[in-house]
Amino acid sequence: MSQRRILVTSALPYANGPIHLGHLVEYIQTDIWVRFQKLRGHDCRYFCADDTHGTAIMKSAKERNIPEETWIAQMKEAHLKAFTGFQIEFDHYGSTHSDANRELCGSFWQSLLNADLVVEKEVIRLYDPKVGMFLADRFVKGTCPNCGAPNQNGDSCVQCQATYDPTELIDPKSTLSEATPEKRPSKQLFVQLEKLHSFLDEWTQEPGHLQTESANYLKNFFLKEPLKDWDISRPGPYFGFQIPDRKDDYWYVWFDAPIGYIASTKEWCDANGQSYEDWWKNSDTEIHHFIGKDITYFHTLFWPAMLKTAGFTLPKRIHIHGFLTVDGKKMSKSDGTFIEALTYLNHLNPSYLRYFYASKLSANDGDLDLNTQEIISKVNSDLVGKVVNLASRSAKFIQETGLSETYPEDGGLFQQASAEGDAIAEAFEACEFSQAVRRIMALADQANQYIDQQAPWKMKKDPDQAQALQDVCTVALNLYRQIIVYLKPILPELAEKTDTLFNKPIEHWEDAKTPLVNQSIQKFKHLMTRIEEKKVNAVIEESKQPEEAPIAGGEFQDSAEPLEKEPLSETIEFDDFMKVDLRVARIVEAKEVPEARKLLQLTLSLGGEERRNVFAGIKAAYEPEALVGRLVIMVANLAPRKMRFGVSEGMVVASGPGGKDVFLLSPDEGALPGQRVH
RNA sequence: GGGCCUGUAGCUCAAUGGUUAGAGCAGGGAACUCAUAAUUCCUUGGUCGGGGGUUCGAAUCCCUCCAGGCCUACCA
């Protein structure tokens, strides 16, 4: 296979807020893809930078009473800390506020001028006389001109969904100073994108450049009609780059941001004795941009147009991903699901999230849901239970002897898994990470079966079987290492620990094709620990922020979520209800069931001599001692159920999703054991 | 209102138009005791969203309806 030259970028995070788990979908996705390409031996480089310009940055700096440069330096440091923590490995991470970027912007600009694409037009905009600047839409609030709702944003109304120009707002107010803005004429520069319409038609529809859903979206939406002129300048004061030969005009942040990809490349090239033009003006370079679907517009229309005009190589592919939801909903600060990267890292291992995202990501732009129960189950059963367990259950048998001198007969397992590597590689290449993970886990299942069949722990008891024992463990550990080769792009840290275990680093994807033999093995140390639910809960707790002022409606603001999660059942008749015999019962004894993960054993009294033995799945939520003596509601006529630990003679009634969130029902004071509930 | 995507087991997802639709997790039963209560075997569980159509044959192709998601609007 010939070596490819691949340049990869992720979208530049805005230097105005911390990195959160939503951002990380993209950086983890990109990082996995880049690590995969590097492991395959390609000349692959990953560039990114902070996006540092615009009015929002000015506002933040102003609020803190510090220069913009100080603010963006602080943000960059925080961003890098988060990325490093999640093992996102850039070849270079720059900033759009750099000399390299300023120069490149100048050269792009000149190309646009030369191509006669820039025109000047006069527009009426809102101006804040107190602050002395024109106001971006987001910094104006006022009464909706359509429905009269007060306190609406500058561009649209949440009440009636109307969109409008901020100059149409009734009674507008600047959110920067509370001043009433003035309407002022402003001369602004526009790029006539329409002149490149046919090029964009062609480029966006060419197979391979975009996912089909994105190509369709552009075709049916923007490209169906003449493209609007792109408003590319902003009047000062504006934190950004001044446009050459224009006294008071700055490039709009979305002009200089994507050029930041090239500037970051250039900084790396300058430091490494290379020419950035070899990367960006070279048809042999594959350029891959990873972005979220919210910025499709900028990367699939403006950006190719700019590259084309300035004579740069066009992207080979734009990889567009969806948004992150948590437990099926948009991230929410009040729910504690707006989780910052650094908050996560305070409690949990980054590998968990890397693996979880990989197991959910595919090449389409659908949203990805982070479900707390699912991440626990996936990591604990796949990674710890299956993969790491392979090493854990075999390494210690051959710590003294090391791996066998020649690779033993294994019934073709290694060969088979080696061949599977091609299909796994194809899945990685196509960004079908979930498929790759599925295939890898199937290999782990096979390897566990092999160990079970061979039963090395039995061989260990018989000195005559010493060679067989070494051979079986040699196979098992090689199958394990092979899996780690495939997982290395996703889990670099686990791969490093595995390198240590085997005294031999994994350096290339092809390492999965050759078994290790005649090799000493380090003393086994735990490679990865299980996720504890309480740590996940701690992340959510730490992420919770006080609710913003309630919208309306008084003091009872119950969430609609429980009902959405478990909708009402169909209507039943009274007789149906009466079949269920609910009784008040007193817990007279409660004890742990040591072998059971979720169960407590309860002895319930229905009064008099009537006792019931009930197993309840509430171990995670209640201490046995705290339960003794309290009254609960039980289903008293439920058919007895034989369980592994004994017969359960009914059930106690509780609400909640399960796990730690279980809430037993209690009757009000005065209720007596044995009384029926109706 | 329009566009795009999705709908398969309780949950997460597979299945080039071709046997009886499969995995993992969860549930039930058993085995094992090397391993971080991990693993292995057996097992329960499906109106492939509904209805039409094309076909020798449809989860898969076409039409239509329903539900969900995302995007976007007096425009496609």
Side-chain angles (χ1 to χ4, degrees), chain A residues 146 156 160-164 210-226 228 292-297 320-325 327-330 356 359-362 364-371 373-398 427 432 434-435 437-442 444-461 469 472-473 476 480 524-532 564-567 593-598 617 641-644 657-659:
Chain A
N146 187 45
S156 62
C160 71
Q161 316 294 325
T163 56
Y164 39 77
L210 299 170
Q211 289 113 304
T212 46
E213 59 263 42
S214 306
N216 286 340
Y217 162 68
L218 295 170
K219 186 171 151 189
N220 294 326
F221 196 77
F222 297 105
L223 292 169
K224 200 87 176 180
E225 58 191 26
K228 287 179 189 149
K293 59 185 173 187
D294 51 329
I295 54 176
T296 300
Y297 179 66
I320 304 173
H321 63 80
F323 301 132
L324 179 72
T325 56
D327 290 331
K329 294 187 304 177
K330 283 186 179 167
F356 181 76
S359 78
K360 303 287 280 186
L361 275 167
S362 71
N364 66 46
D365 68 0
D367 290 350
L368 187 158
D369 187 49
L370 171 62
N371 177 291
Q373 288 306 318
E374 200 185 342
I375 187 174
I376 291 171
S377 137
K378 274 213 149 101
V379 168
N380 288 354
S381 54
D382 290 359
L383 291 183
V384 181
K386 286 180 185 171
V387 175
V388 162
N389 189 227
L390 287 170
S392 173
R393 65 193 305 205
S394 54
K396 119 179 167 184
F397 290 129
I398 54 168
E432 294 285 358
S434 62
Q435 195 192 125
V437 165
R438 218 167 37 243
R439 289 175 179 276
I440 295 167
M441 285 309 135
D445 284 340
Q446 281 186 355
N448 271 309
Q449 287 165 22
Y450 170 83
I451 297 179
D452 249 65
Q453 284 158 13
Q454 298 298 321
W457 54 93
K458 285 184 185 159
M459 295 171 174
K460 196 187 181 199
K461 290 173 184 160
L469 175 66
V472 164
C473 293
Y480 165 73
F524 181 80
K525 284 190 217 148
H526 278 191
L527 297 160
M528 186 178 288
T529 53
R530 310 168 69 78
I531 302 190
E532 293 175 62
E564 283 162 8
K565 275 194 169 169
E566 190 171 4
V593 184
E595 309 93 323
R597 239 183 292 184
K598 297 179 187 168
R641 176 111 189 162
K642 186 175 170 291
M643 298 177 76
R644 192 169 151 198

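Within every chain, numbering begins at 1; the chains are lettered A, B, ... in the order of the sequence lines, protein sequences first and strands thereafter.
Picking from B:U12, B:U39, B:U36 the nucleotide with the shortest atom distance to the side chain of A:Lys386 gives B:U39. Side chain of A:Asn389, nearest nucleotide from B:A38, B:C71, B:U36: B:A38. Comparing B:U36, B:C13, B:C70 by their nearest atom to the side chain of A:Lys360 picks out B:C13. Minimum atom distance to the side chain of A:Phe323 is reached by B:C70, of the listed B:C70, B:U12, B:U36. The side chain of A:Asp367 approaches B:G69 more closely than any other nucleotide in the set B:G24, B:C34, B:G69. Here the side chain of A:Ser392 is nearest to one of B:C71, B:C34, B:U36, namely B:U36. The listed nucleotides are B:A35, B:A76, B:C25; the one nearest the side chain of A:Lys224 is B:A76. Residue A:Arg393 places its side chain closer to B:U39 than to any other of B:U12, B:U36, B:U39.
Spacing of C1' atoms, B:C34 relative to B:G27, comes out at 27 Å, to the nearest Å. Nucleotides B:U12 and B:G7 have their P atoms positioned 12 Å apart, rounded to a whole Å. Rounded to whole Å, the separation between the C1' atoms of B:G68 and B:U8 comes to 15 Å. If you take atom P in B:U60 and the same atom in B:G2, they sit 25 Å apart, rounded to whole Å. One P atom belongs to B:A59, the other to B:A15, and the distance between them is 15 Å to the nearest Å. Nucleotides B:U39 and B:A26 are separated by 8 Å at their P atoms, to the nearest Å. Taking the C1' atoms as reference points, B:G49 lies 24 Å from B:U44, given to the whole Å. Taking the P atom of each, B:A9 and B:C71 are spaced 26 Å apart, rounded to whole Å.
In this structure, B:A76 makes no Watson-Crick or G-U wobble pair, since no nucleotide meets both defining distances under 3.5 angstrom. Across all strands shown, B:C66 is found opposite B:G7 as a Watson-Crick or G-U wobble partner, with both distances under 3.5 Å. Pairing for B:A30 is with B:U40, a Watson-Crick or G-U wobble pair whose two hydrogen-bonding atom distances lie under 3.5 Å. Across all strands shown, B:U60 forms no Watson-Crick or G-U wobble pair with both distances under 3.5 Å. The base-pairing partner of B:U16, taking Watson-Crick or G-U wobble contacts with both distances under 3.5 Å, does not exist among the strands shown.
Atom CG of A:Leu218 sits about 12.5 Å away from atom NZ of A:Lys224, to the nearest 0.5 Å. If you take CD on A:Gln211 and CG on A:Asn364, they are separated by 7.5 Å, rounding to the nearest 0.5 Å.
B:U72 atom C1' lies 11 Å from atom NZ of A:Lys228, rounded to whole Å. Regarding A:Gln446, its CD atom lies at a distance of 16 Å from the P atom of B:U39, rounded to whole Å. The nearest whole Å value for the distance from the CD1 atom in A:Ile531 to the P atom in B:U36 is 19 Å. Counting to the nearest Å, the P atom of B:C34 and the NZ atom of A:Lys460 are 9 Å from each other. Taking atom CG of residue A:Asp369 and atom C1' of nucleotide B:C11, one finds them 12 Å apart after rounding to whole Å. Counting to the nearest Å, the P atom of B:C5 and the CG atom of A:Asn364 are 11 Å from each other. The distance between atom CG of A:Leu324 and atom P of B:C70, rounded to the nearest whole Å, is 13 Å. Rounded to whole Å, atom P of B:C25 lies 11 Å from atom CG of A:Asn448.
Contact annotation for A:Met441: no contact, since no heavy-atom pair falls under 4.0 Å across all strands. Within the nucleic acid shown, A:Leu390 has no heavy atom closer than 4.0 Å to any nucleic acid atom. Residue-level contact check: A:Gly366 touches neither bases nor backbone, having no heavy atom under 4.0 Å from any strand. When heavy atoms are screened at a 4.0 angstrom cut-off, A:Phe397 is found touching the sugar-phosphate backbone but no base atom.
For the pair A:Ser377 (side chain) and A:Gln373 (backbone), a donor-acceptor distance under 3.5 Å is absent. A donor-acceptor pair under 3.5 Å is absent between the side-chain atoms of A:Asn389 and the main chain of A:Val384, judged by distance alone.
The phosphate of B:U40 (OP1 or OP2) has no side-chain N or O of A:Gln453 nearer than 4.0 angstrom. When the side-chain nitrogen and oxygen atoms of A:Lys293 are compared with OP1 and OP2 of B:C70, none of them lie within a distance under 4.0 Å.
A salt bridge links A:Asp367 to A:Lys293: at least one charged side-chain nitrogen sits closer than 4.0 Å to a carboxylate oxygen.
The aromatic rings of A:Phe222 and A:Tyr217 sit perpendicular, their planes meeting at an angle over 60°, well past the 30° parallel limit.
Contact check for A:Val387 versus A:Asp382: no side-chain heavy atoms found under the 4.5 Å cut-off.
Across the interface with RNA chain B, nearest-nucleotide mapping of A:Arg438 and A:Asp365 shows A:Asp365 to be the residue nearer the 5′ end. The 5' end of RNA chain B is approached more closely, in terms of each residue's nearest nucleotide, by A:Lys458 than by the other of A:Lys458 and A:Phe524.
Scanning all heavy atoms of the two residues, the minimum distance from A:Phe524 to A:Ala395 falls at CD1-CB, 3.9 Å.
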